[in-house]
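For reference, the structure discussed in these notes is given below.
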2 protein chains.
Amino acid sequence: MTGIDDVAKLAGVSTATVSRALSGRGHVAPRTREKVAAAASQLGYVVNADASSLATGRTRNVGVVVPFLNRWFYTAVIEGAQRRLMQYGYDLTLYNLSGHDDERSSVFEHFLLRKRVDAVLAVSLELTEQEVDSLHALGRPLVGVGGPIPGVPTLSIDDVAVTKLATEHLLSLGHRVIGHIGGDVERELSFHLPTNRRHGYELALREAGIEPDPALYYPAVFTMESGYQAAKQLLGEPRIRPTALVAASDEMAIGAMLAARDMGLSVPGDLSVIGIDNHELAPFFGLSTVDQHPGLQGERAVELLMEALQPSGGADSVPAVDQPLPFDLIVRDSTARVPLQPAAVESAHG
Amino acid sequence: MTGIDDVAKLAGVSTATVSRALSGRGHVAPRTREKVAAAASQLGYVVNADASSLATGRTRNVGVVVPFLNRWFYTAVIEGAQRRLMQYGYDLTLYNLSGHDDERSSVFEHFLLRKRVDAVLAVSLELTEQEVDSLHALGRPLVGVGGPIPGVPTLSIDDVAVTKLATEHLLSLGHRVIGHIGGDVERELSFHLPTNRRHGYELALREAGIEPDPALYYPAVFTMESGYQAAKQLLGEPRIRPTALVAASDEMAIGAMLAARDMGLSVPGDLSVIGIDNHELAPFFGLSTVDQHPGLQGERAVELLMEALQPSGGADSVPAVDQPLPFDLIVRDSTARVPLQPAAVESAHG
DNA sequence: CAGTTGAGTGCAAGCGCTTGCAAACTGGGG
DNA sequence: CCCCAGTTTGCAAGCGCTTGCACTCAACTG
């Protein structure tokens, strides 16, 4: 295996010079640098990451922890993070907590502690104080994405503003009876997100002079199936049939669209539906939504970590998150002006 | 930061003994072992992975390379691989090739070469000879999942058998005019998979004494949208309307179901549809399918790699794949006996 | 009872790189 | 021509762990 000595020998310099020439640290004469670069590429030499880590104390690797993998949002965040990390020359080591409980503790009490990562990115995770502490004790910067972690800088869109925007879009189309399918506070991973999104929905209504009707809200988990069931409930209620629905996620929204269709309602003819996410399936279903650019969130998180890793910034001093994350209303075919008179619901299917 | 010396001091032994006690290599008296374990846990000591790697030459880390992340199959494989790796005490470093072309080359020519991984798992990737060689030159075992790589042990279900099974299910329900929506050989990542799946479909028909009709095949990429479009084409053909469809993936199959509905056909009343995968959305859509257990494929791949990493097995001698991968027919609500007489197609929607 | 064996432990030499320090060299000013 | 400052390079001491070798000691063997 070719090592730094081989390169040094071939280039006719010391290993110290090779190291400096290749890493760009310290002074090296331009001609020497070229010689070294030539020798390295001739030998196909790539620095041994472990040896380098041991010597410098920096691994050029960050750990990304996710609750599980099979959710569009997480993978989108990871893709974004990875993209940026690669540009910085960093590796991404993935920890997936979807297994048993002891998988989680083993990640935090063993895997993350063996100093293989310089920093940790937690996606949609509520960390315990203990977990945060153990990472900080190691001097490893930590940032979260998509869910507030107490005492940790967290990147997250303004969940209130996002649903408010979605709801306002419906209001602007003349809708006045607007239902909401939101995260179930009891059953979701993150407590704040569903609450905030519901809050944004209510806020928009109140600003339009409409008092939110609790009967128009139905809880669900963030899946298509759950959105389907929730919509069935909301639309089956004969007393007050909404003319529009805002769902806390696109997957729920798509479920709701399918439910409406199964009930003989046309979207957007009889019912407008809007989601949050801009999920990869949203274009296919023609779903209006609010894009929250998860890939961008991943990229931003990495940039934050990189700043924290600069020697200038203190060990666990991740710079505060200042600039707000962007989100954009995307209007497709699932939202339209309120119908002049509501359609009747056929007998529920299935 | 507590190191091995601290533990040694506290336990009153040498660092060599600590190392042996904690790693389980070499002889250590039971009482000594306990003392060391106690000291280590008291100090919260976790061995420094980099130092250990440098000394042993083994990183306890494997690289997983995927073409991109946002596909159910890949994440399912990764989850399985991760689960098993964690049990072995290994980390998983993820490389995602979804970016530019130079991202791919940078992964293979730089990231994977810096000796941070002991082995590489390639998911649904066709590696070039050069890429395979450079990994072998490093003595890193390599296995593939979900797509044959020349000269590399690859785990993959029997794609012919899988579609054959799906087609036979339809045949057993009395269907005789069965369409196929398959991967587009021109546009897919892997050349073999779509061809094999189509082959299985044709094989089943021939064995039932039916000559496959090319007009009943329509190419598509592995997405819902593409399945939708393909189904529209196949079902819109008035000359020969199939009573059943086998799609090369669940996502395509779901797209096909939606297309059928939009055309006024009921599933399975007028049209049976079956897919391949057992995608997470399959239960929701009531889709009959063939489960290919991707998580299990990831686990198996890891087991193979671990065997190859045993000092007994030669460096790049991954054991041959012997046992076939399991797959199972799952019958839900999208397949039924052939209708006595075909329904008429309403005017196509959209 | 001396000799052999093997378990249990410690010493110290690495693993492949980085970097503080100092030496060697360069060029410009006095 | 000498001196100084700045640049370029090499020496060698680590980084935190593992492991071959050597040593001690107790248990056996003949």
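Labels below follow one simple rule: chain letters A, B, ... track the order of the sequence lines, proteins then strands, and each chain is numbered from 1.
Remark: nothing in residues 3-11 of chain B comes within less than 4.0 Å of DNA chain C through any heavy atom. Near DNA chain D, meaning a heavy atom under 4.0 Å from it, residues 112-120 of chain A has no residue at all. Listed by residue number, B:Tyr45, B:Val47, B:Asn48, B:Ala51, B:Ser52 are the residues of residues 41-52 of chain B with a heavy-atom contact under 4.0 Å to DNA chain D.
For B:Leu113, the side-chain contact (heavy atoms from CB on, under 4.5 Å) partners are A:Val46, B:Ser134, B:Leu138, not counting sequence neighbours. The side-chain contact (heavy atoms from CB on, under 4.5 Å) search around B:Leu10 returns B:Ala39, B:Gln42, B:Leu43, not counting sequence neighbours. Listed by chain and number, the residues in a side-chain contact (heavy atoms from CB on, under 4.5 Å) with B:Arg83 are A:Glu103, B:Glu79, B:Glu299 (sequence neighbours excluded). Residues satisfying the side-chain contact (heavy atoms from CB on, under 4.5 Å) test with B:Leu54, not counting sequence neighbours, are A:Ala51, A:Leu54. Not a single side chain to side chain donor-acceptor pair (under 3.5 Å) links B:Glu280 to another residue, sequence neighbours left out. The side chain to side chain donor-acceptor pair (under 3.5 Å) test applied to A:Ser98 returns A:Asn96, not counting sequence neighbours.
For the helix from C:dC1-D:dG30 to C:dG30-D:dC1, the angle separating the two terminal helix axes comes to 50°, with each axis derived from five pairs and the value rounded to 10°.
Summarising the geometry, the separation between CZ on A:Arg58 and P on D:dG16 is reported as 16 Å, rounded to the nearest angstrom.
The list of side-chain hydrogen bond (donor to acceptor under 3.5 Å, both in side chains) pairs with a residue in residues 47-58 of chain A, not counting sequence neighbours, reads A:Ser53-B:Arg116, A:Arg58-A:Tyr90.
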Handout entry: Per-nucleotide protein contact string for nucleotides 6-14 of chain C, where B marks a base within reach and S marks sugar-phosphate only (heavy atoms under 4.0 Å, - for neither)
Key = -SSBBB--B
